[in-house]
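Presented below is the structure to which this report refers.
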Amino acid sequence: MTSSDILSFDDRPFVVQLDAFSGPLDLLLHLIREQEIDIADIPIATIAEQFLAAIEKLGINQAADYLEMAARLLRIKIRLLLPQPLDDDEWEDPRAELVRRLLEYEQTREVADLLSSRATARAERFPRGWIPDPPQPLPPEIIIDLEGVVGAVERVIDAMQQPIIHRVVPRPLDIEGATKRIRELLAGRSRLDFQEIVGERPHVSLVISVLIALLELARLGEALLVQAKPFEEFTIVGESPSAAA
Amino acid sequence: MSANHLAQLLEAALFSASHPLTLNELRGLEPDVSPADVRKALEALREHYETDEHAFELVELAQGYQLLTRREHAEALTEARIAHRPRKLSAASLETLAIIAYREPVGRAEIEEIRGVAADGVLKHLQDRDLIDVAGRGEGLGRPLLYRTTDTFLAMMGLNELSELPRLDQLAVALRPLAEELPETEGEGEAVPAEEQPEDS
Amino acid sequence: MSANHLAQLLEAALFSASHPLTLNELRGLEPDVSPADVRKALEALREHYETDEHAFELVELAQGYQLLTRREHAEALTEARIAHRPRKLSAASLETLAIIAYREPVGRAEIEEIRGVAADGVLKHLQDRDLIDVAGRGEGLGRPLLYRTTDTFLAMMGLNELSELPRLDQLAVALRPLAEELPETEGEGEAVPAEEQPEDS
């Protein structure tokens, strides 16, 4: 049989495409249905040749699954050619297993078609399309057991080489006081050094208080902060119309 | 809609989920509410959507509840490119799903035997799409993975449970027991060595 | 809801759209409908949701129209974790996560050897869900990506750190027996990882 034969059986157009078949059983079933062959009495010799021609035509002859089926068909064909034993009870139809598989596959196809139409119907109904972003995941549950905590504390203590003890003395910032003091000083003179406001060896909290107070006064337009160079001492100029120049 | 607080909560929940919610999940919305209360409120919602001709309806899917638009709007929505039909499954995927749905839990070898094609690519694809998952391991050589269909599969098919599919003997192609069909077929015969591992399915 | 066909279509569209819809997009639903018609129908919908005390409302944002659940339900939804119910992880995902958690950083090849199944789909899925991320690249051929679990994974498991996981030898269904089984599985048999590091971290 040549490849042109595969194009027509009984003069009917016979067009096959590679992706039209989901496997060798599908192709086999197609050949059988196309020619209205009784599945229980398959003319194996004909079908085997058509199958081989078809996979060659389709360019799928490299596919192991198809080749395996082709080999199987040829084996069945050969076995049918062997003389049958006289005793019928001993003889079994070499096509039986193939027929069983074809029927099973046909049934699978029927279910697949059913699923396909169900999925198509279902696909015509849409769920809500916009789902808000999930909020931040909830924090993990925290499991605390005393033993674990004690153990962790001991590990931390062991890891510490020297205990460092800090003494913390509360000394709140006094921005109001600093502001008042700067205003008083500026009332007497037009220029001040930062040092003059905070005095010798000031506490850090005083420095910060004064700094914030100065920035606030500058914002209010009561003082001008002048610094000649970066990192240099800066001068506070009282911002009255006369002192601005 | 009535001022029923439970019905409102249920609607809010169903509205903000893109997948079916089970009765248990819905019960979590309100403490001390019985399954019967939830069912009654759901029924009221269903009726309300029907009576007031809302564009969506309450559907039971995958043993849960979900709001879905009515089929009659499908065409207008897809033509206006507002909603999109999901991609169709390939024949290979559908056949594999068909086999798993009716035989689960089932291993790769059996699926390949029925389809006559290697199945690993399709199985992976179906797993990635969450249409099947691994149910466990079989007893045989190499303890093969066994597959089953998922709730996503049910939801995709518009099924509440697998038993809604027709029984195999209700299909047009009913597989009669082999013995009836072809009395002479037991045992493949020695002439075909190593060809066919006897499957016990 | 009135029998107004346009209002139904608009509701269907607003319900199923994945983004806020502009007046123009909404007009695409029905030929020859004027912006005024659409606005009127939208207003009717808005009023209906209000009057019937639906759990959602029609909101006009800069980008267009949208149906959103009312604020007052947010808490109940979050508490019931329905708005963002984590989908159940498939067995494939769980197995892969378990392998990564116990062996991290670990490459795809090793995961595939243990599970006996291709892992790229699952790995992508887990990455998408922020349960694993890439820890770096291995030394071997092609410098494979190495994966590790994320803080999200820990949070989901209710763990503070990976070391809180039960040790491998305490696990009833440990990963190790699975690996020991490998030589029997068809094909991949020879490639059993030689390193069976007893890790306890």
Side-chain angles (χ1 to χ4, degrees), chain A residues 19-28 39-40 63-66 68-69 71-72 75-76 78-79 82 88-132, chain B residues 15-19 56-57 59 61 66-71 73-75 77-78 82-86 88-92 94-95 97-99 101-102 113-118 155-159 165-166 168 171-176 178 181-182 184-189 191-192 195-196:
Chain A
D19 55 3
F21 296 101
S22 69
L25 285 165
D26 194 14
L27 173 56
L28 203 53
I39 205 164
D65 299 321
Y66 287 85
E68 199 244 336
M69 177 58 74
R72 189 175 299 223
R75 267 200 303 269
I76 296 172
I78 291 165
R79 286 183 60 203
L82 294 174
D88 257 2
D89 289 348
E90 302 262 316
W91 190 78
E92 116 186 46
D93 192 330
R95 299 172 299 180
E97 172 63 15
L98 182 67
V99 170
R100 189 194 64 73
R101 286 190 64 187
L102 277 170
L103 284 173
E104 193 169 46
Y105 178 70
E106 212 176 5
Q107 193 183 56
T108 300
R109 282 295 299 270
E110 191 184 343
V111 175
D113 289 346
L114 181 91
L115 291 179
S116 176
S117 60
R118 288 212 66 124
T120 305
R122 167 64 186 79
E124 295 192 333
R125 306 162 62 146
F126 302 104
R128 174 118 189 269
W130 188 81
I131 302 296
Chain B
F15 194 81
S16 49
S18 60
H19 54 269
F56 47 83
E57 56 190 330
V59 180
L61 276 183
Q66 188 172 10
L67 293 178
L68 296 176
T69 56
R70 293 185 200 278
R71 275 180 87 166
H73 303 303
E75 213 179 304
L77 291 178
T78 42
I82 284 170
H84 304 276
R85 290 194 176 92
K88 278 192 178 164
L89 290 168
S90 67
L94 284 166
E95 288 173 18
L97 284 171
I99 293 165
Y102 277 90
E113 166 68 19
I114 294 170
R115 287 197 55 233
V117 187
M156 184 184 201
M157 296 298 156
L159 294 168
L165 288 174
L168 278 183
L171 295 172
V173 188
L175 262 189
R176 276 141 300 193
L178 202 52
E181 177 96 326
L182 302 149
E184 310 96 351
T185 45
E186 273 148 304
E188 250 287 41
V192 187
E195 180 200 27
E196 196 69 40

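Below, chain A is the first sequence line, B the second, and so on; all start at residue 1.
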Residue part contacting chain A, namely of [X], when any heavy atom lies under 4.5 Å:
X      : value
B:T78  : side chain
B:A155 : backbone
B:H73  : neither
B:L77  : side chain

Once you round to the nearest 0.5 Å, how far does [atom1] of [X] lie from [atom2] of [Y]?
X      : Y      : atom1 : atom2 : value
B:L94  : A:T108 : CG    : OG1   : 12.0 Å
A:R101 : B:E113 : CZ    : CD    : 4.5 Å
B:R85  : A:R122 : CZ    : CZ    : 12.5 Å
B:M157 : A:S117 : CE    : OG    : 9.5 Å

Practice problem: Answer yes or no: is there a donor N or O on one side and an acceptor on the other, between the side chain of B:R71 and the main chain of A:E124, under 3.5 Å? | Solution: no

Over all heavy atoms of both residues, which pair between [X] and [Y] is shortest? Give the atoms and the distance, please.
X      : Y      : value
A:V111 : B:A98  : CG1-CB, 3.4 Å
B:P166 : A:L114 : CD-CD2, 3.4 Å
B:A74  : A:F126 : CA-CE1, 4.0 Å

Exercise. Look at B:R115, B:K88, B:Q66 and state which one has the largest set of heavy-atom pairs under 4.5 Å with chain A.
Key: B:R115

Quiz item: Which region of A:A121, side chain (C-beta onward) or backbone (N, CA, C, O), has a non-hydrogen atom less than 4.5 Å from a non-hydrogen atom of chain B, or is it both or neither?
Solution: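 The answer is both parts of A:A121.
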
Quiz prompt | For B:Y102, ring-ring contact (aromatic ring centres under 6.0 Å, His included) partners two or more places apart | solution =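 If we apply the ring-ring contact (aromatic ring centres under 6.0 Å, His included) test to B:Y102, skipping adjacent residues, there are no hits.
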
Quiz item: With sequence neighbours left out, what residues match A:R125 under salt bridge (Lys or Arg N to Asp or Glu O under 4.0 Å)?
Solution: B:E57

Practice problem: Using a cut-off of under 4.5 Å on heavy-atom pairs, state which of A:L115, A:D26, A:L25 scores highest against chain B. | Solution: A:L115

Practice problem: Check the pair A:R128 / B:L67 against side chain to side chain contact (heavy atoms under 4.5 Å, CB included), numbers first and verdict last. | Solution: CA-CA 7 Å; A:R128 174 118 189 269; B:L67 293 178; over 6 Å; no

